[in-house]
Amino acid sequence: MPSAMKKDDHIFLIDGSGFIFRAFHALPPLTRKSDGLPVGAVSGFCNMLWKLLTQARDTSVGVTPTHLAVIFDFSSKTFRKEIYPEYKAHRPPPPEDLVPQFALIREATRAFNLPCIEMEGYEADDIIATYADLAVKAGAEATIISSDKDLMQLVGPKVHMYDGMKDRQIGVAEVIEKWGVPPEKMIDLQSLTGDSVDNVPGVPGIGPKTAATLLEEFGDLDTLLEKAETIKQKKRRENIVANKDLVKVSRELVTLKRDCPVELDLDSLALDDQDGPKLVAFLKAMSFNSLTRRVAEATGTEASEIEPADVSVEWGADAHGPDLDTGDADTEASSASAPKANEPSLSGEATAAALAQARAERFSSLPIDNKAYVTIRDLDTLAAWVDAARDKGLCAFDTETTSLDAMQAELVGFSLALYDEDAEDDKQVIRAAYIPLAHKSGQGDLLGGGLAEGQIPFDDALATLKELLEDEAVLKVAQNLKYDYLVMLRYGIAVKAFDDTMLLSYVLDSGMGGHGMDALSEKWLGHKPIPYKEVAGSGKSMITFDYVDIDRATAYAAEDADVTLRLWLVLKPRLIAERVATVYERLERPLLPVLARMEERGISVDRQILSRLSGELAQRAAAYEDEIYELADEKFNIGSPKQLGEILFGKMGLPGGKKTKSGQWSTSVQVLDDLAAEGHPLPSKIVEWRQVSKLKSTYTDALPGYIHPEDKRVHTSYSLAATTTGRLSSSEPNLQNIPVRTADGRKIRTAFVANKGHKLLSADYSQIELRVLAHVADIAQLKQAFADGIDIHAMTASEMFGVPVEGMPGEVRRRAKAINFGIIYGISAFGLANQLGIERSEASEYIKRYFERFPGIKDYMEATKAQARDHGFVETIFGRRIHYPEIRSSNHQVRSFNERAAINAPIQGSAADVIRRAMIRVEPALVEAGLGDQVKMLLQVHDELIFEIEDAAVDQARDLIVSVMENASMPAVSMAVPLQVDARAALNWDEAH
DNA sequence: AGCTAATCCTA
DNA sequence: GTAGGATTAGCTA
């Protein structure tokens, strides 16, 4: 049911006729292979429509249409011909190859489920003007998809134009830039200049420049005509005076009619769901293979099961050319046709779900045969495989290298898998091959080391693969693609058009187990892939992959591509069926190249600072050790909790507090601090020794080992799919847990430095999780406090304990702060008591009072638990799902744990989604501002982004980065509290933070 | 050599 | 009370 157009709605009006001509001339000729039917303009039209519509599904970037219509000219007999019979009189007949495409483009429009509008006696431009006006009157916005200057008179604050072929937005500023007059003066300008193509007369000798100058001087056309006698230049004056009447006729011709009696009102142009099968049927009939593949994938349609549509078109040398502007094959020519409600149309979700089901069943029983894989040893065979991949528009690949570290890995081989949906033999449905690129002969000893025989020259093979990997029209599928992406990036290849099965699984099944290939293969295909250690060994005897025998490598590597492709076939349709396609497309896939580039850049770490710190820490640790052995009266391993426990609680007989899970005495800081408070000297020494040796072993000693030999920078690795909530994780080294809370710890941050002439900028969200909580739980006091910018913990304390914010004791605020965090973590009296060192009963009192003061919190928690129990998952504000399969456990501990996690996940996860969006947008924003080369994003620490910026660009970059981050939720989610970002630049990370 | 537990660093 | 990763010790194979 269409709802009435309202404010915030946005209609796209596509100038179909204009597009046909431009596409026909701008695009290379294209014919349908089967019969030579010219389809170039149709192809361009379909690609543009698809692009517009897929942007339409994206709520996170650009303009989102709510309504859309494609508008065509009907015939050349319009009211303009009556005013001026010469109008468009000199138009040549359309090129022969264009003629059949008029009807096809109307067919295409209908296949897209879009209204196709044309009216006898009116040009497309008039209909567009009418709808644009109606939209503005309804308070909505309109975007006209065209670059025709005749339409520019419509541009205004609420009406824009967009050139779909040049991907360019045309607003008021662009009109002024191009023509020297604002849109409302375009009619005056065109009246003076005329138009030779349409045979609009105008004034001889006056072109756009002169017209703009004249209009600037006289204000508007009427004044100009009135005062024409006063024009200084003789020739110009005479021409205008002589042609006054023609100018007035021209004005009538170029003025668009804004009150056409349109049959469909705006509301009936509301954007309908895509009908995947119908569109695929049409595209198949046109044999637009690449677009068919993309559409099938995005709509969850199994293309092989769709019959090509019956599209019959008369064409050829002797086919009668129709009237220039008439789609004569169109039986409904004079009436606008909206999508028909009574047409049977399976919903996208239902078909996708059926496909997902069918695929899962099929591939869980389709056997995998490692002996069937091909080893590609010559360029011709490789080219044939690449061509086949192009033909299918789909392939899976995997790289084999010498290292798990993508920054050090050298490419050794490449595997490829193809899917032939129509294969009759089950064994031919998936074909896979391995291309050895740099395998070595021998065993890696003195005798070996040369290249093994039977390999394509490395550079030749790579050049061929580059063509494939960078081809936008072929979807490349990989498992954990960020690794392969980064490796290929280092060989000068930027993979385009890709999917990652790990990310698919992550989006679909977060919380349901791991997303590694072996686990996914077992889960979905019932197949256990060859373990890596069976080909390369393990431990000390492990060899790098370049020394693996090529036949053995083929069985292993091709299987990875094979399995990846099968996983994709099973998982991809679920994306639509389970309504998480947007999460995958907007929060996961686009982040992958962003992270790969961050990892490639790395960050400078000052080796000398670390080594000096290491020395200091070693001395202090040694001093503590002496004192500890003295106090304990014997030497032992202080780092062994077991030995330490025996000394403290056995030999010295101190009162042991807690025990660990395995029944040992706990020696945690809490326990040791308690003992120290009772006046025992040893425990506090242990605590200090631990702090010092922790900093030394984990940071000052370990970090230099991660400095890359070539560029001397540290390259962490981010995992996109390691957490359940949507956060990233960082490893080797983990740069998300660099110390900050103690003075000693912070010294380590001073070793993270900017290059000469640069600064490090740290930009972090302030209290983002509490803000998310205020938003999702809709807590009035919290929202107000954030809106007013007041201290949120002090406000909480004041609300709970009745203490005024002014002059509040630190301890009171500290307790409120702990409670606020507790709420985010799915509070329990046990945990809060532990954190604050108070009795459980007292903690219970606090919680009770909190819920009384902020009743919305309790409601939110109960609602979230109920959602998790009823559906098995909870969601972030952007639709990311986190599953809790054990939420209904009968074990109280397990159930409670799952409930707390389920309460935390939407908060932590929504915040994680916000920063993901910021990360995806910040680089394009910097490039657009001309700062692309001077600003580099290096690190992410959950709510903080770290950039390295050329000195001169720091101020401008800071403002832009803050703005992108603060607005990152928009327009998908308009938060009820403002997001606040603090940013600072300095020479090192400690001072910037 | 590979695994788990304990501990501690981060948001 | 949430979410991670690294280190060390100490056990098992």
Inset, instruction - State whether A:R741 places a side-chain N or O below 4.0 Å from either non-bridging phosphate oxygen (OP1 or OP2) of B:dC9. - result: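 No, A:R741 has no side-chain N/O under 4.0 Å of OP1/OP2 on B:dC9.
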
Legend entry - Any A:S668 side-chain N or O less than 4.0 Å from OP1/OP2 of B:dC8: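 Indeed not, no polar side-chain atom of A:S668 lies that close.
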
Legend entry - Closest approach of A:L520 to A:G514 (non-hydrogen atoms, all atoms of both residues): CD2-O, 4.0 Å

Legend entry - Where chain A begins and ends its contact with DNA chain C, read 5' to 3' at 4.0 Å from heavy atoms: C:dG1 to C:dC11

Assign [X] to base, sugar-phosphate, or nothing according to its heavy-atom contacts below 4.0 angstrom with the strands shown.
X      : result
A:Q664 : nothing
A:E944 : nothing
A:A818 : base

According to salt bridge (Lys or Arg N to Asp or Glu O under 4.0 Å), does anything in [range] pair up with another residue at least two apart or in another chain? List the pairs.
range                       : answer
residues 723-738 of chain A : A:R727-A:E769
residues 822-843 of chain A : A:R815-A:E842
residues 614-627 of chain A : A:R620-A:D744, A:E627-A:K685

Identify every side-chain donor-acceptor pair in residues 896-907 of chain A under 3.5 Å, counting partners at least two apart or on other chains, and give the distances.
| from | atom 1 | to | atom 2 | distance (Å) |
| --- | --- | --- | --- | --- |
| A:S896 | OG | A:H892 | O | 2.9 |
| A:S896 | OG | A:H892 | NE2 | 3.3 |
| A:N898 | ND2 | A:V894 | O | 2.8 |
| A:N904 | OD1 | A:Q908 | NE2 | 3.2 |
| A:N904 | ND2 | A:I824 | O | 2.9 |

Result block: side-chain N/O donor-acceptor pairs under 3.5 angstrom for residues 848-858 of chain A, not counting sequence neighbours:
| from | atom 1 | to | atom 2 | distance (Å) |
| --- | --- | --- | --- | --- |
| A:R849 | NH1 | A:M800 | O | 3.2 |
| A:Y850 | OH | A:N820 | OD1 | 3.1 |
| A:R853 | NE | A:E799 | O | 3.3 |

Inset, instruction - Using side-chain hydrogen bond (donor to acceptor under 3.5 Å, both in side chains) as the criterion, list what pairs up with A:R612, not counting sequence neighbours. - result: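 Scan of A:R612 (side-chain hydrogen bond (donor to acceptor under 3.5 Å, both in side chains), adjacent residues dropped) gives none.
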
Inset, instruction - Would you jot down, in residue-number order, the residues of residues 693-705 of chain A having a non-hydrogen atom under 4.0 Å from DNA chain C? - result: A:K694, A:S697, A:T698, A:A702

Inset, instruction - Strictly below 4.0 Å, heavy-atom distances to any atom of DNA chain B: list the hits from residues 726-736 of chain A, or just say none. - result: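 Nucleic-acid contacts, sorted: A:R727, A:Q736.
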
Legend entry - DNA chain B contacts made by residues 858-880 of chain A, counting heavy atoms under 4.0 Å: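 None, since no heavy atom is under 4.0 Å.
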
Inset, instruction - Kindly write out the residues that satisfy side-chain contact (heavy atoms from CB on, under 4.5 Å) with A:S693, not counting sequence neighbours, or none if the list is empty. - result: A:W689

Inset, instruction - Tell me the stems DNA chain B sits in, counting at least three consecutive Watson-Crick or G-U wobble pairs, each under 3.5 Å on both distances. - result: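 DNA chain B forms these stems: B:1-11 with C:2-12.
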
